[in-house]
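First the structure, in the form of structure tokens, and then the observations on it.
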Amino acid sequence: MIFRGYLRPDGSVGSRNYVGVIPSVVCVNEVVDAIVRQTQMTRGILHHQGCCQLPPDLTRVTDALIGLGKNPNLGAILIVSLGCEGVDCERLVRELRATGKPVERVVLQELGGTSRTIQAGIDAAQQMAIAISSTPRQEFPISKVTMGIKCGGSDTTSGLAANPVIGYVSDRVVDAGGTVIFGETTEFIGAEHILQKRAVCPEVSARIKEIVDRMECRAKSMGVDMRSGQPTPGNIRGGISSIEEKSLGAISKSGTRPIQGVLEYTEAPAGPGLWAKDCPGREIEVLTAMAIGGAQAILFSTGCGAPQGFPFVPVIKLCANPSVYERLSHDMDVNVGQVVLGKKSLKDMGNEVFATLVEVLSGRMTKSEAINYTTSMDIHVTGPVI
């Protein structure tokens with residue numbers, strides 16, 4: 001099976017073709033928003049970081065912005081800078097230009113204020129949008145796909161049907177030579193020994209245990225246990241009784257193939273296959289982690305209902321709770337509740353979702369894209385704002 005995407009100068013392939021407008025720091029988010037509202041084919045990559053942070057987090061944010069800019073769904077990049085931020089803008093520009101994409105930067109303090117920067121940004125974004133608008137879609141094998149996976153607002157049907165269906169699709173992508181990234185370290189807890197057995201080597205197995213211990217230590221450093229926040233109130237109302245039970249359902253979306261390695265939050269996979277990424281469970285930080293890793297599309301299962309999209313990566317939402325799917329049908333892309341009702345097998349449903357994935361990679365809109373639910377994202381940091 002093939003999909004139709006956009007070839008980038010570095011050999012990667014995008015499922016979308018946008019100009020990414022990246023604020024280097026939260027202080028210029030509204031400038032970015034004004035540029036994006038005035039210019040077609042642009043997506044604002046709004047976040048709340050970039051200054052008054054400790055050096056490890058400033059490096060982390062710079063790395064994250066570089067990873068986001070490298071995502072093949074972006075054909076060109078406009079960086080909007082304040083001029084005095086903590087993020088390393090020179091490195092950001094240099095590493096993104098090395099991909100061969102058009103990259104421009106506007107600096108508010110140099111241009112003389114907000115209105116002048118908005119106008120300069122609109123002019124630059126307009127020029128880049130026109131330049132990439134003639135990029136044609138071409139046919140590519142599934143081996144060129146990087147897929148992110150996520151679950152959110154989970155209930156019992158998530159672990160029974162939606163996540164296993166994603167696991168089936170994950171296996172198909174890996175078997176075709178593609179790449180899959182899963183994360184949510186919080187939801188490895190209690191099931192990490194199962195994931196460790198799927199590691200390709202003892203070193204990867206040890207890393208899985210290490211990131212679980214590290215996540216638990218972060219909670220303990222605040223004087224509380226992880227279980228005071230997980231499962232969430234919504235999960236409990238949905239029938240999930242413990243973090244261990246939630247984890248057993250959550251890890252099923254990773255399928256059955258060997259785990260090639262463990263990625264830090266700002267890393268991308270070094271090759272094809274299934275990869276684990278260390279990130280928390282909250283939607284916006286996880287979706288961002290998948291985009292940093294190069295995902296061209298994300299499969300997202302939900303039982304209680306979650307509307308999330310992402311600025312430049314299509315998010316395909318699967319719901320296995322029949323009543324929730326009916327209530328939230330304008331947010332959910334695929335009704336996996338047919339498995340719960342006994343109308344379809346996991347395999348049949350998995351093949352349908354795989355076909356939907358290929359269609360979306362080739363340009364079909366998701367429901368969140370169709371209603372422009374595409375601005376929520378943020379970068380997960382580990383230290384305080386100072």
Side-chain angles (χ1 to χ4, degrees), residues 20 22-29 32 45-71 77 79-99 105 107 148 150 181-189 192 203-204 206-226 229-230 261-270 275-295 376-386:
I22 303 177
S24 60
V25 62
V26 60
C27 311
V28 290
N29 270 358
V32 168
I45 303 174
L46 306 178
H47 60 88
H48 297 90
Q49 316 302 336
C51 203
C52 294
Q53 295 174 282
L54 296 171
D57 269 342
L58 288 175
T59 300
R60 184 184 181 93
V61 173
T62 305
D63 290 342
L65 295 179
I66 291 169
L68 291 165
K70 286 182 176 179
N71 187 291
I77 305 294
I79 297 166
V80 178
S81 167
L82 177 62
C84 61
E85 58 272 49
V87 158
D88 186 346
C89 279
E90 299 299 329
R91 184 177 151 233
L92 179 60
V93 171
R94 184 172 65 250
E95 294 205 20
L96 291 182
R97 282 184 175 157
T99 66
R105 177 187 177 193
V107 184
K150 165 82 180 101
I181 310 170
F182 74 106
E184 302 170 82
T185 309
T186 319
E187 294 165 24
F188 294 179
I189 294 173
E192 63 267 34
E203 290 75 18
V204 173
R207 282 280 290 141
I208 292 170
K209 182 69 165 58
E210 179 187 332
I211 63 172
V212 170
D213 291 343
R214 188 167 66 182
M215 185 67 78
E216 286 209 89
C217 285
R218 285 178 194 156
K220 289 177 181 174
S221 69
M222 298 291 290
V224 295
D225 187 271
M226 184 72 72
Q230 287 279 5
V262 176
L263 305 169
E264 292 292 342
Y265 188 78
T266 57
E267 287 184 318
W275 294 77
K277 176 169 263 205
D278 183 27
C279 56
R282 196 166 65 172
E283 275 80 347
I284 56 175
E285 286 90 348
V286 178
L287 297 178
T288 304
M290 300 301 151
I292 291 170
S376 296
M377 64 151 284
D378 215 343
I379 300 167
H380 174 59
V381 294
T382 58
V385 174
I386 56 175

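These numbers come from the heavy atoms of this one structure, side chains and all, not from hydrogens, waters or symmetry mates.
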- Take I79 and L96 through the test side-chain contact (heavy atoms from CB on, under 4.5 Å) and record every step on the way to the result. CA-CA 10 Å; I79 297 166; L96 291 182; 4.3 Å; yes
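- When each of V204, V262, L263 is tested with W275 by the rule side-chain contact (heavy atoms from CB on, under 4.5 Å), just one qualifies, namely L263.
- Counting non-hydrogen atoms of other residues, nucleotides and ligands closer than 6.0 Å to CZ of R214 gives a total above 12.
- With contacts defined as side-chain heavy-atom distances shorter than 4.5 Å, the pair T382/R218 qualifies.
- For the pair M215 and D278, the minimum side-chain heavy-atom distance is below 4.5 Å.
- Shown here for D57 and G383, the closest heavy-atom pair between the two residues is OD2-N, 2.7 Å.
- Side-chain atoms of T185 come within 3.5 Å of backbone N or O of C279 as a donor-acceptor pair.
- Within the 3.5 Å criterion, the main-chain N or O of P23 finds no donor-acceptor partner in the side chain of N29.
- Atom-to-atom distance recorded for K70:NZ and I77:CD1 is 11.5 Å, nearest 0.5 angstrom.
- For the atom pair L68 CG and H47 NE2, the distance stands at 8.5 Å (nearest 0.5 Å).
- Minimum heavy-atom separation, G293 to I181: O-CD1, 3.7 Å.
- Residues S24 and V87 come closest through the heavy atom pair O-CG2, 3.4 Å.
- At distances below 3.5 Å, not a single donor-acceptor pair connects side-chain atoms of T266 with backbone N or O atoms of D63.
- Summarising the geometry, atom CD1 belonging to I386 is positioned 9.0 Å from atom SG belonging to C51; distances are rounded to the nearest 0.5 Å.
- The minimum heavy-atom distance between V107 and G83, with the atom names listed, is CG1-CA, 3.7 Å.
- Residues V385 and H48 fail the side-chain proximity criterion, which asks for heavy atoms closer than 4.5 Å.
- Here E285 does not pair with R60 in a salt bridge; the nearest charged N to carboxylate O distance is not below 4.0 Å.
- Using a 4.0 Å cut-off between a side-chain N of Lys or Arg and a carboxylate O of Asp or Glu, E95 and R91 qualify as a salt bridge.
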- Task: Report the C-alpha distance between I211 and E192 in whole Å, list the side-chain angles of each, state the deciding distance to 0.1 Å, and finish with yes or no for side-chain contact (heavy atoms from CB on, under 4.5 Å).
- Result: CA-CA 10 Å; I211 63 172; E192 63 267 34; over 6 Å; no
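- Counting heavy atoms from C-beta outward, Q49 and D378 have side chains that approach closer than 4.5 Å.
- With salt bridges taken as basic N to acidic carboxylate O contacts below 4.0 Å, none links D213 and K220.
- A pairwise comparison of heavy atoms in G69 and I22 identifies CA-CD1, 4.1 Å as the closest pair.
- Between D88 and L58 the shortest side-chain heavy-atom distance does not fall below 4.5 Å.
- In this structure the side chain of R105 reaches within 4.5 angstrom of the side chain of C89, judged on heavy atoms.
- Between S81 and V28 there is no side-chain heavy-atom pair separated by less than 4.5 Å.
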- Query: So T288 and H380, side-chain contact (heavy atoms from CB on, under 4.5 Å) or not? Walk me through it.
  - Reply: CA-CA 8 Å; T288 304; H380 174 59; over 6 Å; no
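- Side-chain atoms of Y265 do not come within 3.5 Å of backbone N or O of I379 as any donor-acceptor pair.
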- Task: Run the numbers on M377 and L287 for side-chain contact (heavy atoms from CB on, under 4.5 Å), then give the verdict.
- Result: CA-CA 7 Å; M377 64 151 284; L287 297 178; over 6 Å; no
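- Minimum interatomic distance between A295 and G148 (heavy atoms only, all atoms of both residues): CB-N, 3.7 Å.
- The pair E187-K150 fails the salt-bridge criterion, with no side-chain N (NZ, NE, NH1 or NH2) lying under 4.0 Å from an Asp/Glu carboxylate O.
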